[in-house]
Amino acid sequence: MSRDLANILGFNVDMYSFEQAVDYAFYNPGQVVTINPEMIEFALKNPDFAKIISDAELVVPDGIGVELGLRILGHKVHRIAGIELGRELIIKFFTENKRIALVGAKPEVVALVVKNLNEEFKNINIVYYHDGYFDDDEQILDSVSSSSADLVLVALGSPKQEYFINKLKKRMPETTMIGLGGSFDVWAGVVERAPKIYQNLGLEWLYRVIKEPKRFRRIFPTLPLFVLRVLKERFCKNK
Ligand code: UDP
């Protein structure tokens with residue numbers, strides 16, 4: 001399956017449906033990035049991070065910001081929530097008897113996620129897990145690669161997880177790896193996901209800001225700035 005890409009502010013985003021993205025990630029090892037406006041803004045200021053996104057094997061539009069941006073540019077795209085893609089990948093790799101590893105979140109959180117997965121999926125093959133609070137990247141990278149996992153879920157928050165996966169991918173060229181932000185906290189039940197109504201309206205970010213007001217500074221002015229940039233790109237292109 002060849003990639004069907006849209007470009008937004010210089011970054012390629014795959015236009016797959018949810019099901020296609022799951023299949024693509026299963027059959028094509030490499031780095032899966034769930035991209036959002038904060039990541040694009042960060043990438044515009046950090047060329048090394050921009051390169052990681054450009055080199056990723058799959059980039060899915062996570063959240064309303066990138067969906068809106070792509071629609072402004074004339075692409076009809078549906079957002080793919082990283083947390084849902086992550087869960088579906090677990091199911092797919094489990095069904096195919098593949099090896100799974102998890103890195104990220106607090107020790108008790110990742111342990112609870114593993115416990116929940118073991119309860120939900122009988123004989124799931126979790127070959128390695130570790131919390132996300134470590135100083136020595138190399139040691140964890142070594143341990144993950146020795147596990148020979150087929151799927152590695154990394155929940156360190158962005159951009160940390162993308163840098164980590166980028167290093168890991170050089171050691172594990174046959175593995176699918178995805179950065180999942182705060183998903184382990186939700187799976188462990190320590191953080192509540194926004195109710196469906198917020199999700200459907202694309203307002204999950206608003207719910208998270210209400211629950212955790214310090215997130216406000218992460219989203220503003222990034223989100224409006226991002227939309228302005230996209231509008232400018234569209235305007236300039238059409239001149
Ligand atoms: N985290 C981690 N190591 C760190 C910093 C953060 O494992 O050094 C974890 C943190 O415990 C949380 C996740 O990374 O589970 C980040 O969650 P956040 O909601 O900030 O990420 P987002 O989804 O907004 O990218």
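The first residue of the sequence shown is numbered 1, and numbering continues consecutively from there. Both ligands and their constituent atoms are indexed starting at 1 by order of listing. Predicted model only: the values in this text are computed from it and were never measured. Values below: every heavy atom of this structure, side chains too, minus hydrogens, waters and symmetry copies.
- Comparing heavy-atom distances from atom 9 (C) of ligand 1 across Gly104, Gly82, Ala155 singles out Ala155 as nearest.
- Scanning the protein for heavy atoms near atom 25 (O) of ligand 1, the closest one is Gly181 CA, 3.7 Å.
- For Glu212 and Arg218, the salt-bridge test fails: no basic side-chain N is under 4.0 Å from an acidic carboxylate O.
- Compare Tyr133, Trp187, Phe134 by their heavy atoms: the one nearest to atom 4 (C) of ligand 1 is in Tyr133.
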**Test side-chain contact (heavy atoms from CB on, under 4.5 Å) applied to Lys98 and Asn125, step by step** = CA-CA 7 Å; Lys98 300 290 185 191; Asn125 196 2; over 6 Å; no
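- With sequence neighbours excluded, no residue satisfies side chain to side chain donor-acceptor pair (under 3.5 Å) with Ser145.
- With a 4.0 Å heavy-atom cut-off, ligand 1 is reached by the side chain of Arg208 but not by its N, CA, C or O.
- Open room surrounds NZ on Lys106; 12 or fewer heavy atoms of other groups in view lie less than 6.0 Å from it.
- Phe164 and Phe134 have their aromatic ring centers within a separation under 6.0 angstrom.
- Counting the atoms of ligand 1 from 1 in the order shown, those under 4.0 Å from a heavy atom of Lys160 are 4 (C), 8 (O).
- Interface of Arg218 with ligand 1, defined as ligand atoms under 4.0 Å from a residue heavy atom, comprises 20 (O), 22 (P), 24 (O), 25 (O).
- Under a 4.0 angstrom heavy-atom cut-off, Phe184 registers as lying outside contact with ligand 1.
- Partner of Val113 under the side-chain contact (heavy atoms from CB on, under 4.5 Å) criterion, out of Val190, Ile90, Leu102: Leu102 alone.
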Next on the checklist: Walk me through whether Val227 and Leu68 qualify under side-chain contact (heavy atoms from CB on, under 4.5 Å).
Outcome noted: CA-CA 8 Å; Val227 174; Leu68 182 66; 4.1 Å; yes
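- Looking only at heavy atoms of the protein, atom 23 (O) of ligand 1 is closest to Gly182 N, 2.9 Å.
- Closest to atom 3 (N) of ligand 1, if we only count protein heavy atoms, is Gly132 O, 2.7 Å.
- Only the side chain of Asp185 comes within contact range of ligand 1, with a heavy atom under 4.0 Å; no backbone atom does.
- By the criterion of a heavy-atom distance under 4.0 Å, the side chain of Arg215, and not its backbone, is placed next to ligand 1.
- The closest heavy-atom contact to atom 16 (C) of ligand 1, among the options Gly157, Gly63, Ala105, comes from Gly157.
- Hydrophobic cluster membership of Tyr198, counting Ile, Leu, Val, Met, Phe, Trp and Tyr whose side-chain heavy atoms lie under 4.5 Å apart directly or via other members: Ile64, Ile197, Leu201, Leu203, Trp205, Leu206, Tyr207, Val209, Ile210, Phe216, Ile219, Phe220, Leu223.
- Between Glu138 and Arg171 there is a salt bridge, since a side-chain N of the basic residue sits under 4.0 Å from a carboxylate O of the acidic one.
- Heavy atoms of Gln161 stay at 4.0 angstrom or farther from ligand 1.
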